[in-house]
Amino acid sequence: MVRKLKLFLLPVAGVLLAACSTPGKISYLRDLEYNVPEAARPAPELRLKVEDRISIQVFCDQPELAAPFNAVGVQIESEGGTMLSSTYGVDTRGNIDFPILGELHVEGKTLNEVQKEIAADITARGYIRNPVVKAELENFTVVVIGQMGQKILPVEGSSLNLIQLLAQLSGDLETAKIPDVTVIRTENGLREAYQVNFQTKDLYNSPVFYLQQNDVIYVKPRGLQLSSGGDVFLKFFTPAIASVSSILYIVALMSR
């Protein structure tokens with residue numbers, strides 16, 4: 001009798017230990033040294049890709065001269081009055097169709113390069129002497145999947161790094177596998193996956209530390225994950241199993 005009870009109590013004890021166990025502490029950048037300066041790599045300028053959307057505005061001292069270059073889009077209010085904001089999509093050949101100037105190749109160029117080239121072209125053709133061109137990326141978003149939730153995250157500004165991204169996520173860090181995060185990036189028609197580790201300072205030197213538009217970040221779960229059914233089991237039946245185990249243990253002692 002006692003032998004049978006002991007055999008029953010062993011697996012029950014295993015279940016209870018699993019239920020009561022807690023994941024180890026999460027630690028980021030474990031090998032970072034104090035008071036040891038290291039060169040900080042600046043955020044690279046984003047380069048335009050096929051299917052990007054960019055807004056381009058042309059300004060000058062005489063608004064009537066700039067108006068034809070802002071002919072596509074909707075009216076918006078600004079401090080200087082009402083103006084037209086134009087948005088252009090980068091086609092499969094990497095081009096946009098810009099008013100007056102025609103087809104312009106922008107794929108692989110930075111927004112700053114596009115601004116300078118359009119301004120120089122307008123000046124060279126004699127339309128405006130000193131134009132000011134402002135270009136902005138309209139579709140800077142990254143995709144997050146896995147343990148930190150499933151979402152498309154819009155990015156404000158012109159740069160976002162992995163640590164800044166992590167601070168914006170609201171998933172369960174206790175169960176996230178931060179030493180093995182995957183970043184999937186598509187460039188020039190090629191898709192490539194990179195592995196990053198948030199526990200080492202080498203993260204700063206990763207080619208994907210600074211994110212680009214449409215990057216996919218996959219955060220894997222850490223260890224064995226319970227299904228919703230398993231959670232319910234632990235929540236409602238673990239106390240009952242503990243009580244039964246205690247009773248059986250007492251019976252076993254009395255039967256000696």
Side-chain angles (χ1 to χ4, degrees), residues 39-143 152-162 164-165 168 183-192 206-216:
R41 183 165 55 95
E45 288 190 78
L46 292 174
R47 294 193 175 274
L48 296 172
K49 303 179 182 181
V50 170
E51 297 185 356
D52 273 346
R53 299 190 310 277
I54 54 176
S55 65
I56 302 175
Q57 301 168 8
V58 178
F59 306 92
C60 68
D61 294 336
Q62 297 175 282
E64 64 275 10
L65 296 179
F69 298 98
N70 301 318
V72 181
V74 295
Q75 289 188 340
I76 60 174
E77 296 295 328
S78 67
E79 294 180 359
T82 301
M83 62 182 177
L84 289 171
S85 175
S86 304
T87 301
Y88 305 88
V90 183
D91 64 24
T92 56
R93 296 175 299 158
N95 300 330
I96 61 172
D97 190 10
F98 195 73
I100 310 299
L101 303 183
E103 199 170 63
L104 304 176
H105 188 76
V106 298
E107 182 184 11
K109 297 178 181 178
T110 67
L111 293 173
N112 189 48
E113 291 171 345
V114 171
Q115 291 173 167
K116 290 181 178 179
E117 289 182 11
I118 291 178
D121 201 1
I122 291 175
T123 301
R125 299 192 190 190
Y127 295 117
I128 303 174
R129 181 172 296 178
N130 295 307
V132 175
V133 179
K134 182 180 180 181
E136 294 182 339
L137 184 64
E138 296 290 328
N139 65 309
F140 190 1
T141 59
V142 295
V143 179
I152 298 176
L153 191 68
V155 179
E156 296 183 5
S158 59
S159 69
L160 178 72
N161 64 50
L162 285 170
Q164 292 171 330
L165 173 70
Q168 297 183 38
V183 178
I184 304 171
R185 173 169 295 172
T186 302
E187 286 185 297
N188 302 318
L190 299 176
R191 184 178 294 110
E192 187 171 357
S206 170
V208 293
F209 176 70
Y210 288 102
L211 297 170
Q212 295 182 8
Q213 60 271 41
N214 303 319
D215 278 353
V216 177

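- With Arg185 contributing its side chain and Pro207 its backbone, the two residues share a donor-acceptor pair below 3.5 Å.
- Results of the side-chain contact (heavy atoms from CB on, under 4.5 Å) test with Glu107 over Leu48, Val50, Thr92 single out Val50 as the only residue that passes.
- In this structure, NZ in Lys109 is found 13.0 Å from NZ in Lys116, a value given to the nearest 0.5 Å.
- No donor-acceptor distance shorter than 3.5 angstrom exists from the side chain of Tyr127 to the backbone of Leu101, with no hydrogens or angles considered.
- Taking each heavy atom of Asn70 and Gln57 in turn, the nearest pair found is OD1-CA, 3.5 Å.
- Between Ala135 and Ile56, the shortest heavy-atom distance links the atoms CB-CG1, 4.2 Å.
- Taking the side chain as every heavy atom from C-beta outward, Pro131 and Thr123 approach each other to under 4.5 Å.
- To the nearest 0.5 angstrom, Asn139 atom CG is 4.5 Å from Arg53 atom CZ.
- Considering every non-hydrogen atom in both Pro99 and Tyr88, the closest pair reads CD-OH, 3.1 Å.
- In this structure, the separation between NE2 on His105 and CG on Asp91 is 9.5 Å, given to the nearest 0.5 Å.
- By the 6.0 Å contact criterion, CD on Gln164 is enclosed, its count of non-hydrogen atoms from other residues, nucleotides or ligands being greater than 12.
- Crowding of Arg191 atom CZ: a count of heavy atoms from other residues, nucleotides or ligands under 6.0 Å not exceeding 12.
- Ionic pairing of Arg47 and Glu187 is not present here: no N-O contact between side-chain nitrogen and carboxylate oxygen is shorter than 4.0 angstrom.
- Distance alone, capped at 3.5 Å, places no donor-acceptor pair between the Asp52 side chain and the Val90 backbone.
- The number of heavy-atom neighbours closer than 6.0 Å to CZ of Arg41, taken from other residues, nucleotides and ligands shown, is above 12.
- No side-chain donor-acceptor contact under 3.5 Å links Glu192 to the backbone of Val183.
- If you take CG on Leu160 and CD on Gln212, they are separated by 12.0 Å, rounding to the nearest 0.5 Å.
- Lys49 places no side-chain N or O within donor-acceptor distance of the main-chain N or O of Asn214, the cut-off being under 3.5 Å.
- For the atom pair CG of Leu211 and CG of Leu165, the computed distance is 6.0 Å after rounding to the nearest 0.5 Å.
- Taking every heavy atom of both residues into account, Thr141 and Pro154 meet most closely at CG2-CA, 3.8 Å.
- Heavy-atom minimum distance, Leu104 versus Phe98: CD1-CB, 3.8 Å.
- A pairwise comparison of heavy atoms in Tyr210 and Ala43 identifies CE2-CB, 3.4 Å as the closest pair.
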For a side-chain contact (heavy atoms from CB on, under 4.5 Å) check, start with the C-alpha distance between Ile128 and Phe69, then their side-chain angles and the critical distance, and finish with the verdict.
CA-CA 11 Å; Ile128 303 174; Phe69 298 98; 4.0 Å; yes
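- Taken from CG in Asp215 to CG in Leu153, the straight-line distance is 12.0 Å, to the nearest 0.5 Å.
- Annotation: side chain of Arg93 is in contact with side chain of Glu103 (closest heavy-atom distance under 4.5 Å).
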